[in-house]
Amino acid sequence: MKIDLFSLRMRASRNGRHHSGAERIVGGDEIEATTATLMARAMNYSDGDAHEVHCSAERLDPATVHYERLPAVTTLLTADWQTGRRAASSLLCRAGVAPVVAAAAIHLLASGPGPGGTVMRGAIIMDAVSGNRLEPDAGRGIRVSRMDLAPPQRQIIVDKLTIAGLKHHRVREALVLAGKVLSAPGVVAELCWSDDPTYSTGYVSDPKYGYQRITNLKPSGDPSGGRVFFVAPAVSLPELIDYLERQPVLFDALGPISPPQKLESDNA
Ligand code: WAQ
Ligand code: MG
């Protein structure tokens, strides 16, 4: 049976600034209920409710949908954010990011990569060797869009993530976003931590080791955050951006999930 698939996108702002957003791909019969859920999320946000919300539904051509498997998930428990950032840096280097570039990217996210030291709405694209920033607009960045769990497998994947202790929609959505980024041509690794001051777990992902969560990438209360997509020097930028922003990707299988591991602090 063929089901019609729709890309649902929610964008909310508050005082003219980006507030929250979400990406879903659902069957035609789920549009109303899912839109209501996204609207409720924008209105019950931890940083206050949105002032303006846009929700859109766009029918997808089923022939354009790519199907992928989610990356493997590991969790490193780190005692403090300094240890967490050192771990992030070494995972990025293992993935093929030059050491100075990894350090510069961490510093950039911490200091605000948008105009005037602000948080960006989307992601930085960075050459993994030279460290050059390649995204066309340093305020907007690149917005990864049109990805979700495949509707027929959605509930079983959500249930398995819940059993593994990864129940929150924040984790699921970050895993799906990271999975799409890793499936893109020329991507070497990703670095991410949230701009939510109350949430300091972030991740490094790469095609070989998958989605590597790190419990501390910033001090609690810190409003910094963002994403850096590290790419090979030979990448075709227009092709990469089109894939990330426009090509629909659905995940129909979970990768392996490892139990959390403690990272001993340095000199231990
Ligand atoms: N495309 C590209 N960049 C984005 C997108 C997107 N669709 N959405 C957000 N960003 C960028 C933007 O700069 C945000 O400020 C930043 O990422 C953080 O977004 O425990 O919650 O939605 O496994 O705050 C990761 C760890 C949580 C989850 C990430 O990100 C876990 C998170 P947030
Ligand atoms: Mg955020």
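Both ligands and their constituent atoms are indexed starting at 1 by order of listing. What you see is a predicted model, and the numbers here were worked out from it, not measured in a lab.
- Across all non-hydrogen atoms, the minimal contact from S7 to R146 is OG-CG, 3.7 Å.
- Counting only heavy atoms from C-beta outward, the side chains of V171 and L161 never approach each other to under 4.5 Å.
- The minimum heavy-atom distance linking L217 with R85 is given by the pair O-NE, 2.8 Å.
- Nearest to atom 3 (N) of ligand 1 by heavy-atom distance, out of G122, G141, G202, G21, is G122.
- Residue contacts with ligand 1: V144 is placed with a nitrogen or oxygen under 3.5 Å of a nitrogen or oxygen of the ligand (distance criterion only).
- With a 4.0 Å heavy-atom cut-off, ligand 1 is reached by the side chain of V119 but not by its N, CA, C or O.
- Side-chain N or O atoms of Q212 include none that pairs as donor or acceptor with a backbone N or O of T74 at under 3.5 Å.
- Residue contacts with ligand 1: G226 is placed with no nitrogen or oxygen under 3.5 Å of a nitrogen or oxygen of the ligand (distance criterion only).
- The shortest heavy-atom distance from R121 to ligand 1 is under 4.0 Å.
- Atom 20 (O) of ligand 1 has its closest protein heavy atom at Y199 OH, 2.5 Å.
- The closest protein non-hydrogen atom to atom 14 (C) of ligand 1 is M120 O, 4.0 Å.
- By the criterion of a separation under 2.8 Å, the protein N/O/S atoms near the Mg ion (ligand 2) amount to D195 OD1.
- In this view, H54 satisfies the ring pair (Phe, Tyr, Trp, His ring centres under 6.0 Å) rule with no residue, not counting sequence neighbours.
- Ranking protein heavy atoms by distance to atom 5 (C) of ligand 1, first place goes to R143 NH1, 3.8 Å.
- Neither the backbone nor the side chain of E173 comes within 4.0 Å of ligand 1, counting heavy atoms alone.
- Ligand 1 has no nitrogen or oxygen under 3.5 angstrom from a nitrogen or oxygen of T201.
- In R213, the part holding a heavy atom less than 4.0 Å from any atom of ligand 1 is the side chain.
- Residue contacts with ligand 1: W193 is placed with no nitrogen or oxygen under 3.5 Å of a nitrogen or oxygen of the ligand (distance criterion only).
- Inspection of the Y203 and E190 side chains reveals an N or O donor paired with an N or O acceptor under 3.5 Å.
- Both M120 and V228 are assigned to one and the same hydrophobic cluster, defined by single-linkage of ILVMFWY side chains at heavy-atom distances under 4.5 Å.
- Counting heavy atoms closer than 4.0 Å to ligand 1, residue L177 contributes side-chain atoms (C-beta onward) but none from N, CA, C or O.
- Listed here is the closest heavy atom pair of M39 and C55: CE-SG, 4.2 Å.
- Applying the 4.0 Å criterion to heavy atoms of Y211 picks out, from ligand 1, the atoms 23 (O), 26 (C), 28 (C), 31 (C).
- Shown here for A189 and L92, the closest heavy-atom pair between the two residues is CB-CD2, 3.9 Å.
- Remark: ligand 1 and Y203 share no N or O pair separated by less than 3.5 Å (distance only, no angle test).
- Of all atoms in ligand 1, numbered sequentially from 1 with element shown, those under 4.0 Å from a heavy atom of A123 are 2 (C), 3 (N).
- Side-chain contact of R9 with S145: a donor-acceptor pair under 3.5 Å is present, judged by distance alone.
- Looking at residues two or more places apart in sequence or on another chain, you find no ring pair (Phe, Tyr, Trp, His ring centres under 6.0 Å) involving F230.
- Evaluation of the ring pair (Phe, Tyr, Trp, His ring centres under 6.0 Å) rule for F251 yields no partner, not counting sequence neighbours.
- At a 3.5 angstrom cut-off on N or O pairs, R227 counts as close to ligand 1.
- With no hydrogens or angles considered, a side-chain donor-acceptor pair links T83 and D80 at under 3.5 Å.
- For ligand 1, the atoms closer than 4.0 angstrom to any heavy atom of R170 are 21 (O), 32 (C).
- A heavy-atom distance below 4.5 Å is found between the side chains of V53 and M43.
- If you number the atoms of ligand 1 from 1 as listed, the ones under 4.0 Å from a heavy atom of I142 come out as 1 (N), 2 (C), 3 (N).
- Using a 3.5 Å distance cut-off with no hydrogens or angles, the side chains of W193 and S224 do pair a donor with an acceptor.
- Of the protein's non-hydrogen atoms, the one nearest atom 32 (C) of ligand 1 is S194 CB, 3.5 Å.
- The proximity of C192 to ligand 1, defined as any non-hydrogen pair under 4.0 Å, is limited to the side chain.
- Remark: the backbone N or O of G48 is paired with a side-chain donor or acceptor of H19 at under 3.5 angstrom.
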